[in-house]
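Inspection log for the structure reproduced underneath, given as structure tokens.
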Amino acid sequence: MKISEILSNSKQFVSLEVVPPQRTMTRAELLDNIRPLMEFKPPYINVTNHRDEYIYVPQADGSYSRRLQRRSVSQTAVCASIMDEFKVEVVPHIICAGASREQLFYELSDFRYLGVENIMALRGDCLLGEKRFTPEPGGYSYASQLVADIRKEAATKDLCIGVGAYPEKHFEAPNLETDIARLKEKVEAGADYIITQMFFDNSLFYKFVELAREAGIEVPIIPGLKPITSYRQLTLLPEAFSINIPLELSSELEAHKDDKAACYEIGREWALMQTKDLLSHGVPAVHFYTMGKSDNIIGVIKECF
Ligand code: FAD
């Protein structure tokens, strides 16, 4: 079933995202980690994708040889396992970074083969150490180009497509208004719905939705949340995702920085408060970034769905 149909049929629901695990994790361990979340009947599970990393190995002659390093299980294998075990829709993230147009369409063809009807179309990020995003030769510079091409091809044009958005603006965008104009281009290219980056201040999300609607974006917008689980995330999350942590939350975590259990509980309480408030504002779903941890999220959704 397409996410667009689920969005138009359903009452408010839980939307989940999992990250392909390290190769040391078994299939059973991955599925056992997801299993407790299935009790809340998520209609689909997003599966992220991460561009290949390369290491440079010194050679005897002083040169370096480039070697591909894949630490995680492939996204395709994870999608197939989840579909097989839980009979639920999966939404693979297709990222432009590090891939040519042909490679991306072969990926899409593999997902069609598995019976996948939904994807998220994303640009992806720079390689570590790179200053600016550089597309692969024959690849895409922006997610909107991928969306447009998916809609043009007979084999892919029926896919339901989600795209990403940033209530605090994408870090490369000069301002939120311009970023929203770019988001509109993705929707005009054929995106069916939007999932946002995580945020910790709901007022930013409501303002973002207002601006998006004023700009003429009419598709559903699903807020993305991540409960903070440790004091370290106070610096890690802003660094990795270019987002802000409100003073009230950061000072609470600072005050309990040496107490792991307290920090975990503060993060859970904050996410719970955000989720309740978003649901009361009529969002279609709340998307949780699990990042390999399900206990904290279960704690939140148990009280809200
Ligand atoms: P785009 O929509 O292409 O935008 C990128 C930047 O370019 C923005 O600043 C935009 O304003 C600007 N822009 C767009 N079009 C134009 C144009 N025509 N001219 C000039 N500027 C333009 N990353 C992963 O690697 N794997 C994942 O699985 C993954 N999942 C994600 C899930 C969600 C819900 C979100 C929100 C993000 C996810 N990301 C993932 C991160 C994402 O890949 C990065 O944030 C990336 O930097 C931007 O991707 P995008 O698709 O939003 O890019």
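Numbering of residues begins at 1 and proceeds along the displayed sequence. Please read all numbers here as calculations on a predicted model, not as lab measurements. Both counts, for ligands and for their atoms, begin at 1 and track the order of listing.
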- prompt: Is atom CZ of F171 surrounded by more than 12 heavy atoms (other residues, nucleotides or ligands) closer than 6.0 Å?
  reply: yes
- line: Output for ligand 1, non-hydrogen cut-off under 4.0 Å, lists T48, N49, H50, H93, I95, M120, L122, R123, G124, D125, Y142, A143, G164, A165, Y166, H170, E172, A173, D179, R182, E185, K186, I195, Q197, Y289
query: Got more than 12 heavy atoms from elsewhere within 6.0 Å of CG, L128?
result: no
field: Salt-bridge criterion met for K2 and E5 (N-O under 4.0 Å)
entry: no
message: Just verifying a value: how many Å separate E168 CD and T196 OG1, rounded to the nearest 0.5 Å?
response: 9.5 Å
- request: Give a yes or no on this: more than 12 heavy atoms of other residues, nucleotides or ligands lie within 6.0 Å of atom NZ of K41.
  value: no
message: Test of understanding: with ring-ring contact (aromatic ring centres under 6.0 Å, His included), list the residues that count as partners of F208, not counting sequence neighbours.
response: none
